[in-house]
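Right, one structure below, let's go through it.
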Amino acid sequence: EHLLLQSAIDQPASLCFLPGKHVTDVGDYVAGGGHGTRVAGAVLYGEEVAKVGTPKLPFWIQNARILDDNNCMPKEVFPAEAVRAVVKYYHQGPRTTRIFNHSINAYGYCRLRHMSSWAAEIDALSDEYDVLIVQSAGNIWLTGPMPYPGVKDHLNAGRTYPDYLYEPASRVANPGQSLQALTVGSVAYGAFEVGNWRSFATEPDRPSAFSRSGPGIWKVIKPEVVEYGGDFIRTNNVPPDVQGGGGIPATCPDLVRSTMQAPGPAADRDVTGTSFATPKVARIAAQLQHLMPEEPTLLYRALVVQSAQWPMWAESILSQLRSGQQTQAVRQQLLDDAAQIIRCIGFGIPDVARATTNNDYRTTFITSSETAIHAGDCHIYQVPIPAAMRQQADEYDIRIDVTLSYVAQPRRTRRNLRRYLSTWVDWVTSRLGEGLNDFRVRAMKDEENENEQLPGVTLPWTLQDSATTGLIRNTRRNSGTVQKDWAIVKSNALPDHFCIAVRGHQGWSHDPDTTARYALAVTFEILGKEISIYDPLRIAVTELQTQVEVEAEVEMEIEASE
């Protein structure tokens with residue numbers, strides 16, 4: 001019944017899942033302004049809470065209470081069972097809820113050999129139902145017992161920011177390693193200083209001092225994306241004093257507060273955490289569902305990741321690597337920096353406009369509905385590149401992004417990625433100077449043509465499918481169930497057709513009927529905005545579709561006459 005939330009809450013469906021509590025006891029009793037209240041406000045309002053008038057709220061929210069008054073999950077609650085109970089209750093309810101914000105983590109980092117029961121349950125639910133669970137990466141606390149050191153403990157041990165973010169103890173917290181969850185880390189708003197206190201971040205969009213980093217289990221990229229969750233503040237004392245938020249309000253996100261206990265404002269900037277970055281990503285997913293209600297959540301996940309980009313300070317490192325104009329020692333340092341950056345911010349900060357719209361200079365192609373693929377199958381997609389985009393006299397920078405989002409049945413007892421899933425999937429694209437037939441042969445390589453030399457030059461992908469190539473080392477794009485890569489190509493080097501192959505591979509299942517389901521997104525963007533590309537691409541695709549349909553009709557007529 002909060003003034004800023006009430007009109008968006010589906011009160012009849014809200015439910016308390018805590019043992020010993022009445023099912024209608026769904027209030028937020030967490031001291032200091034609540035937890036779920038702040039999460040709900042971030043979903044509805046994003047970066048700025050509307051504090052006057054009657055806000056027009058874009059979504060409804062159902063409240064599943066599984067945290068007690070101390071902001072903890074009671075020991076008698078088994079997390080895997082709790083998340084299954086919540087998802088089944090709402091997904092099988094009248095609204096068929098499909099997007100779940102899960103700003104809850106274990107205290108410590110995830111393990112790396114076996115998937116936890118909590119994370120495996122999220123993977124299983126994503127396979128059984130058409131749901132997307134947006135998951136926080138977890139926080140590094142101010143202080144903590146070993147083996148879970150807090151920020152102050154790291155500083156006292158001589159580990160400085162951001163170096164301590166790369167320590168094993170700073171790894172994403174369970175269940176943030178879930179392959180199917182869209183895991184969200186946090187970045188800071190900028191550099192702030194008041195009196196003797198200052199933020200950890202020295203410029204906007206740097207990793208928050210508390211945000212846990214990847215990689216996750218089996219070197220999967222985690223978190224995939226980041227949003228603004230604020231920053232800790234510190235002094236220059238030795239040892240330094242550290243505060244978790246509120247000392248400098250500008251370092252904190254603007255959030256709705258619970259007013260059930262001590263008097264306080266209905267909204268304020270007084271706390272930080274990945275818990276409050278996560279609902280801002282769930283907000284983008286909800287906007288995608290509003291625009292495309294019949295599409296699978298696999299596509300929503302793909303488009304959120306597709307829209308994400310590295311902030312300017314991080315992208316500048318990639319720009320220097322692309323230029324190649326540095327000594328070997330400097331280049332190695334840049335490669336090391338890039339490898340660390342992706343551990344903290346994944347694919348970057350998502351953007352609702354990029355996720356939901358095209359414009360004259362940016363066009364995104366998507367698959368419609370879920371597509372199933374068997375192990376051994378290869379699906380080839382073709383995007384014609386119009387002549388206006390690849391004239392030899394022009395040399396524009398074209399950015400190409402590709403994101404594959406897939407799901408398959410997990411088996412928790414397995415110790416590696418390719419045996420954890422019943423079917424695993426990857427993608428490859430055509431090379432520069434490679435024809436469609438040559439690409440088809442390469443994409444469907446088998447033992448007979450494995451050593452065959454085929455033409456073409458690989459696009460300058462940022463990641464690539466090997467940990468030793470690309471601009472970001474020690475990371476492969478095909479290690480998880482969200483696989484993104486991006487490249488910048490000169491327009492006059494583009495081929496007349498850009499092709500992508502999605503390939504299914506055998507996992508733990510030997511059943512020939514077993515499939516994985518996937519969604520695919522491909523974006524072309526002209527970075528300098530020199531020419532419009534939306535209409536030329538749209539017309540070229542329409543013409544190709546018409547040509548394919550006519551050829552199919554002719555083929556059917558020939559077969560019928562025979």
Side-chain angles (χ1 to χ4, degrees), residues 14-40 62-90 100-126 131 133-151 153 168-178 180-181 183-184 210-212 216-217 222 244 258 260-261 271-276 278-279 410 412-413:
S14 296
L15 196 70
C16 178
F17 289 79
L18 293 174
K21 300 284 187 180
H22 195 274
V23 293
T24 61
D25 189 7
V26 295
D28 185 354
Y29 300 97
V30 176
H35 182 266
T37 304
R38 289 182 165 109
V39 170
Q62 295 165 319
N63 174 21
R65 185 185 176 204
I66 58 175
L67 297 180
D68 62 19
D69 299 9
N70 297 315
N71 204 29
C72 295
M73 191 179 293
K75 291 183 178 179
E76 58 267 33
V77 174
F78 185 50
E81 291 179 356
V83 71
R84 175 167 285 273
V86 169
V87 170
K88 286 187 67 176
Y89 175 77
Y90 291 105
F100 294 83
N101 186 93
H102 196 242
S103 290
I104 305 171
N105 295 85
Y107 188 80
Y109 50 86
C110 70
R111 297 178 178 177
L112 297 180
R113 176 170 291 187
H114 289 290
M115 190 70 75
S116 72
S117 59
W118 194 358
E121 196 64 51
I122 292 175
D123 291 342
L125 289 165
S126 301
V131 297
I133 296 176
V134 187
Q135 169 69 51
S136 51
N139 301 320
I140 306 169
W141 301 103
L142 284 173
T143 61
M146 293 304 291
Y148 308 119
V151 172
D153 302 318
S170 300
R171 190 165 55 246
V172 292
N174 184 31
Q177 77 276 26
S178 159
Q180 297 304 141
T183 304
V184 183
F210 52 79
S211 185
R212 290 185 169 273
I217 192 171
K222 290 286 179 175
S258 171
M260 291 187 66
Q261 298 181 353
V271 295
T272 58
T274 59
S275 284
F276 315 119
T278 303
R412 186 189 164 213
T413 56

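Just so you know, these numbers come straight off a predicted model, no measurement behind them.
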Within this structure, what is the [atom1]-[atom2] distance for the pair [X] and [Y], rounded to the nearest 0.5 Å?
X	Y	atom1	atom2	result
Arg412	Ser116	CZ	OG	6.5 Å
Met115	Thr413	CE	OG1	12.0 Å
Glu121	Ile133	CD	CD1	9.0 Å
Phe210	Leu142	CZ	CG	10.5 Å

What's the shortest heavy-atom distance between [X] and [Y], and which atoms?
X	Y	value
Leu125	Val131	O-CG2, 3.8 Å
Phe17	Ile66	CB-CG2, 3.7 Å
Tyr29	Met260	CE2-CE, 3.4 Å
Ser178	Lys222	O-NZ, 2.6 Å
Leu15	Tyr89	CD2-CZ, 3.7 Å
Tyr109	Pro168	CG-O, 3.8 Å

Any [X] side-chain heavy atom under 4.5 Å of [Y] side chain:
X	Y	value
Ser258	Val30	no
Asn105	Pro175	yes
Pro145	Tyr107	yes

For [Y], is there any backbone N or O sitting under 3.5 Å from a side-chain donor or acceptor partner on [X]?
X	Y	answer
Asp123	Pro410	no
Asp68	Asn70	yes
Arg171	Cys110	yes
Thr272	Gly244	yes
Tyr90	Asn63	yes
Asn139	Trp141	no
Asp28	Thr37	yes
Ser103	Ser275	yes
Arg65	Asp25	yes

Note to self: If you apply the rule side-chain contact (heavy atoms from CB on, under 4.5 Å), what do you find for Thr274 with Arg212, and how did you get there?
What the structure shows: CA-CA 9 Å; Thr274 59; Arg212 290 185 169 273; over 6 Å; no
Next item on the list: Could you check Gln135 against Thr278 for side-chain contact (heavy atoms from CB on, under 4.5 Å), going step by step and ending with a plain yes or no?
Entry: CA-CA 6 Å; Gln135 169 69 51; Thr278 303; 5.8 Å; no
Item checked: Parallel, tilted or perpendicular, as decided by the 30° and 60° cut-offs, for the rings of His35 and Phe276 ->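 Rings of Phe276 and His35: tilted, 30 to 60°.
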Next item on the list: Applying side-chain contact (heavy atoms from CB on, under 4.5 Å), run through Met73 and Phe78 and close with a yes or a no.
Entry: CA-CA 9 Å; Met73 191 179 293; Phe78 185 50; over 6 Å; no
